[in-house]
Amino acid sequence: MKRQNKILFICRKNDAWSLKIHKILKKKFSHITIFYSKSYNEKINSKIKSWKGDYIFSFRSLLILPNSIIKNAKIAAINFHPGPPEYRGVGCLNYSIFNNESHYGVTAHLMNHKIDSGKILKVLRYRISRKKNLDEILEQTHQKLFLLIILFINLIADNKFDINKLIKNNKEKWSKTIKLKSDLDKFYIINKKISKINLEKKLRATMTKKFKPYIELHNQKFYYSDEK
């Protein structure tokens, strides 16, 4: 039998993981409202502004919700952050790879008016291989984030979700540093004086099928290509 909780699911447009989660939510709950996030700084539509219910789930969303919407979730508004607490904000995996981390993680936390600062509910950590490229580790990260949100969906569906217990059992703390989209944009620029070691690290930390690092000369961008 489906539970009667009202859930607002905010996710990424054209994302396979988001579609899988939506299907699972529809099987377990009767009232699902979905919003597909498409870009940074996009406008919040009237459907989201007027929503009131029990839970908000944010998965790979580019949307930053104001308090006026967050408080409309009676039980919890939860963000599923694609990074561990020591990497807050945007571009977490890029910086992690550049720093040669051997382990990474994803975080479920309560949402508030600040980015990646609400009380942490659970962190799922795992090993990342230095032999894999950014696209491969991104896929691994999205899979782990999927597993994390499914864990919470099942807890709620089975009536075993206990916010106070999750907060009490958590020992993780947010780092003081937070990266913004503007920081990541700058990170993709290759300084002409960069060392060979840092260049290799920068390329591994920024190269994907969709995005490429670049240098700027005379107000023009020249993107790096690994094609032979």
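- Under the side chain to side chain donor-acceptor pair (under 3.5 Å) criterion, Ser58 pairs with Asn79, sequence neighbours left out.
- Legend: residues meeting side chain to side chain donor-acceptor pair (under 3.5 Å) with Lys6, ordered by chain and number and at least two apart, are absent.
- For Phe29, the ring pair (Phe, Tyr, Trp, His ring centres under 6.0 Å) criterion is met by no residue, not counting sequence neighbours.
- A 4.5 Å side-chain heavy-atom check between Leu151 and Leu147 finds every atom pair outside the cut-off.
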Q | Evaluation steps, side chain to side chain contact (heavy atoms under 4.5 Å, CB included), between Trp174 and Ile120 | A | CA-CA 8 Å; Trp174 290 113; Ile120 297 172; 3.5 Å; yes

Q) Would Ser102 and Arg127 count as a side chain to side chain contact (heavy atoms under 4.5 Å, CB included) if you check the C-alpha gap in whole Å, the side-chain angles of each, and the deciding distance to 0.1 Å? A) CA-CA 6 Å; Ser102 61; Arg127 187 173 184 82; 4.2 Å; yes

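- Taking the six-membered ring where tryptophan is involved, the planes of Phe80 and Phe152 are perpendicular, since the angle between them exceeds 60° and thus also 30°.
- In this structure, Lys212 fails the cation-pi test against Tyr224, since its NZ or CZ atom is not both closer than 6.0 Å to the six-membered ring centre and inside 45 degrees of the ring normal.
- The two atoms that bring Phe146 and Phe59 nearest to each other are N-CE1, 3.8 Å, heavy atoms only.
- Gln140 pairs with exactly one of Leu93, Asp135, Ile128 by the side-chain contact (heavy atoms from CB on, under 4.5 Å) rule, that one being Ile128.
- The shortest non-hydrogen separation linking Ile163 to Ile75 is CD1-O, 3.3 Å.
- Within the hydrophobic cluster formed by Ile, Leu, Val, Met, Phe, Trp and Tyr side chains joined at under 4.5 Å, directly or through other members, Leu65 is accompanied by Leu8, Ile10, Phe35, Ile44, Ile48, Trp51, Ile56, Leu63, Ile69, Ile70, Met111.
- Note that Lys179 lies in the cation-pi zone of Tyr95, set by a 6.0 Å cut-off to the ring centre and a 45° limit from the axis.
- Once rounded to the nearest 0.5 Å, the distance linking CD1 of Ile115 with CD1 of Ile178 reads 5.0 Å.
- In the displayed structure, Lys47 atom NZ is contacted under 6.0 Å by more than 12 heavy atoms of other residues, nucleotides or ligands.
- Nearest heavy-atom pair, Ser117 versus His109, reported as atom, atom and distance to 0.1 Å: N-CE1, 4.3 Å.
- The minimum heavy-atom distance linking Gln4 with Ser30 is given by the pair NE2-OG, 3.1 Å.
- Put simply, CG on Leu110 and CG on Leu121 are 4.5 Å apart, with the number rounded to the nearest 0.5 Å.
- For Glu101, the side chain to side chain donor-acceptor pair (under 3.5 Å) test picks out Tyr87, with sequence neighbours left out.
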Q: Apply salt bridge (charged side-chain N to carboxylate O under 4.0 Å, His left out) to Arg125 and Glu172, showing your working.
A: CA-CA 11 Å; Arg125 293 182 180 274; Glu172 303 271 3; 3.0 Å; yes

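- For the residue pair Asn94/Thr206, the side-chain donor-acceptor check at 3.5 Å is not satisfied.
- The number of heavy atoms from other shown groups lying within 6.0 Å of CG (Leu217) is above 12.
- Nearest heavy atom pair, residue Lys119 against residue Ile167, reads CD-CD1, 3.8 Å.
- A distance of 8.0 Å separates NZ of Lys26 from CD1 of Ile34, quoted to the nearest 0.5 Å.
- For the atom pair CG of Leu148 and NZ of Lys122, the computed distance is 7.5 Å after rounding to the nearest 0.5 Å.
- For Pro85 against Val123, the heavy-atom pair with the smallest separation is CG-CG2, 3.7 Å.
- A side-chain donor-acceptor contact under 3.5 Å links Arg3 to the backbone of Ile156.
- Take Lys221 and apply the side chain to side chain contact (heavy atoms under 4.5 Å, CB included) test, not counting sequence neighbours, and it matches Tyr214, Glu216, Tyr223.
- For the atom pair CD1 of Ile190 and CZ of Phe222, the computed distance is 13.0 Å after rounding to the nearest 0.5 Å.
- Because its NZ or CZ atom is both nearer than 6.0 Å to the ring centre of Phe187 and within 45° of the ring axis, Lys202 counts as a cation-pi partner of that residue.
- The aromatic rings of His22 and Tyr36 sit perpendicular to each other, their planes meeting at more than 60°, with 30° as the lower class boundary.
- Expressed to the nearest 0.5 Å, how far CZ of Phe9 lies from CD1 of Ile32 amounts to 9.0 Å.
- The closest side-chain heavy-atom distance from Thr141 to Tyr126 is below 4.5 Å.
- In the displayed structure, Lys165 atom NZ is contacted under 6.0 Å by at most 12 heavy atoms of other residues, nucleotides or ligands.
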